[in-house]
Amino acid sequence: MTKPCLACYLYAVFVLLTVSTSLSAPSPASSLYDTFLQCLTQNTNSITQLSSILFAPTSPTFPTLLENYIRNARFNTSSTRKPLLIVTPLTESHVQGAVICAKSVDIQLKIRSGGHDFEGISYISDEPFIILDMFNLRAITVDLEAEVATVQVGATLGEIYYKIWKTSKPVTSKVVKGNKTIRASVVALFLGRANEVVSILEKEFPLLGLRAENCTEMSWIESVLWWDDDKNLGAKPEILLNRDLNSAGFLKRKSDYVQKPIPRAGLEGLWKIMIELGKAGVVFNPYGGKMNEVPSDATPFPHRKGNLFKMQYFVNWDDPSPAAAQNFINQTRTLYSYMTPFVSQNPRSAFLNYRDLDIGVNTFGKNSFQEGEVYGRKYFNDNFERLVKVKTAVDPENFFRNEQSIPVYPSKA
Ligand SMILES: Cc1cc2nc3c(=O)[nH]c(=O)nc-3n(C[C@H](O)[C@H](O)[C@H](O)COP(=O)(O)OP(=O)(O)OC[C@H]3O[C@@H](n4cnc5c(N)ncnc54)[C@H](O)[C@@H]3O)c2cc1C
């Protein structure tokens, strides 16, 4: 359900009054809308009525559209800056038109595919902005013979898994193993039969003591449902198609990479702080194995050989007060600070998917390159230079930018 938005209502009344009392001088918002619509008409190749994909804050559907894909409630407050327009393309041509027109009116364009960015940077900004919202572009094709899936950016993972399941039927064993200290659980998925994983782990990790009775065999799609939520066991795969619109809680995430074993005392210190803090937790994702086989410069993602595991610091909460946000965000910062001696250094690497604006932001002033280097090296290590080269060649004006985007080289002028 859409929450009523008093500010939008008052704004709509204001615009109506302005238009009715001064027809020759439309409000700035409606004039931007008209200019943009005209530009879209000239720059798209489409039979669609373009007013059906362009929304101003005065449109009754604007708040719903904006909130549907806000996936972190921290960025859904009355004081969060709202976009000047939302464009919801139905075709590639609409996307091209939106980019051309945002450039021509010289307003920042924020692009949102699923809206899951942990810091909300696909739908918020400190400067006036327009959202290009890709949720309608969700086609998925799976070619089993060629082993190729083509996925449009607005599709969800649930939709992709569902489509793959509909097209093929692989088998998985799920392995569940629990232990106790402070509470620690080892949960893993293995693509194959239970006896295979038991014999592999007998050799590779005998200390775990995995036995066949710790494993549950199930089809791949059942394992997807279970991974999504334990309570989904036995549910129909169709629940993967549920987009859970406008359902966000409050979140904060940070990340680290661990490259040498953490001494016992270090781990015990971590458990102690977690107990004292009470809410924030950590997740360890094992690396090694296949991850070691991919060269660190094969893709922009550099965290390959040499990493034992990735850490996620997480906290979720429901209390909307700023004091609660401050408290819970600080809890993750305290854990991150404690872990300093145990994690990667120079740079202290981070995982791009766990977007964290604490590790540096860009203000796009004269130090934009240096600012970009701070977070860029953490996310991309030595691949940062190559990304800057590509960025400078493709988008020298830095039109596509966000709080942590790849900067361009400083101009020589
Ligand atoms: C509840 C939750 C759970 C999560 N769980 C995991 C997890 O288990 N593992 C994991 O790795 N990550 C996880 N994430 C993080 C998530 O995978 C990343 O944030 C990912 O980038 C989200 O993709 P999106 O399309 O939804 O992002 P968006 O918020 O839409 O976009 C992310 C960034 O990419 C830009 N962008 C989006 N679309 C385009 C485009 N078409 N062209 C150019 N730029 C674009 C945006 O402007 C923004 O800067 C989770 C996030 C949430 C909120």
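Indexing begins at 1, ligand by ligand and atom by atom, following the structure's order. Bear in mind that the values here come from a model prediction, so they are computed numbers and not experimental data.
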Decide whether an N or O pair under 3.5 Å exists between Gly114 and ligand 1.
yes
#### Entry: Stepwise side chain to side chain contact (heavy atoms under 4.5 Å, CB included) check, Thr35 with Leu37
CA-CA 6 Å; Thr35 308; Leu37 187 60; over 6 Å; no
| query | Under 4.0 Å from atom 7 (C) of ligand 1, do we find at least one protein heavy atom? | reply | no
Any heavy atom of Asn402 under 4.0 Å from ligand 1? The part involved is side chain
Counting heavy atoms under 4.0 Å, the part of Asp117 that contacts ligand 1 is both
Any protein heavy atom lying closer than 4.0 Å to atom 37 (C) of ligand 1? yes
- Message: Please report whether the ring centroid of Phe309 lies less than 6.0 Å from that of Tyr287.
- Response: no
Is the shortest distance from a heavy atom of Lys110 to ligand 1 less than 4.0 Å?
-> no
Residue Asp143 excluded, over 12 heavy atoms near CG under 6.0 Å: yes
Q. Is Glu127 atom CD crowded by more than 12 heavy atoms from other residues, nucleotides or ligands, each under 6.0 Å away?
A. yes
In Tyr354, Phe314, Tyr379, the residue satisfying side chain to side chain contact (heavy atoms under 4.5 Å, CB included) with Ser255 is Tyr354
Note to self: So for Phe351, does at least one of its heavy atoms come nearer than 4.0 angstrom to any atom of ligand 1?
What the structure shows: yes
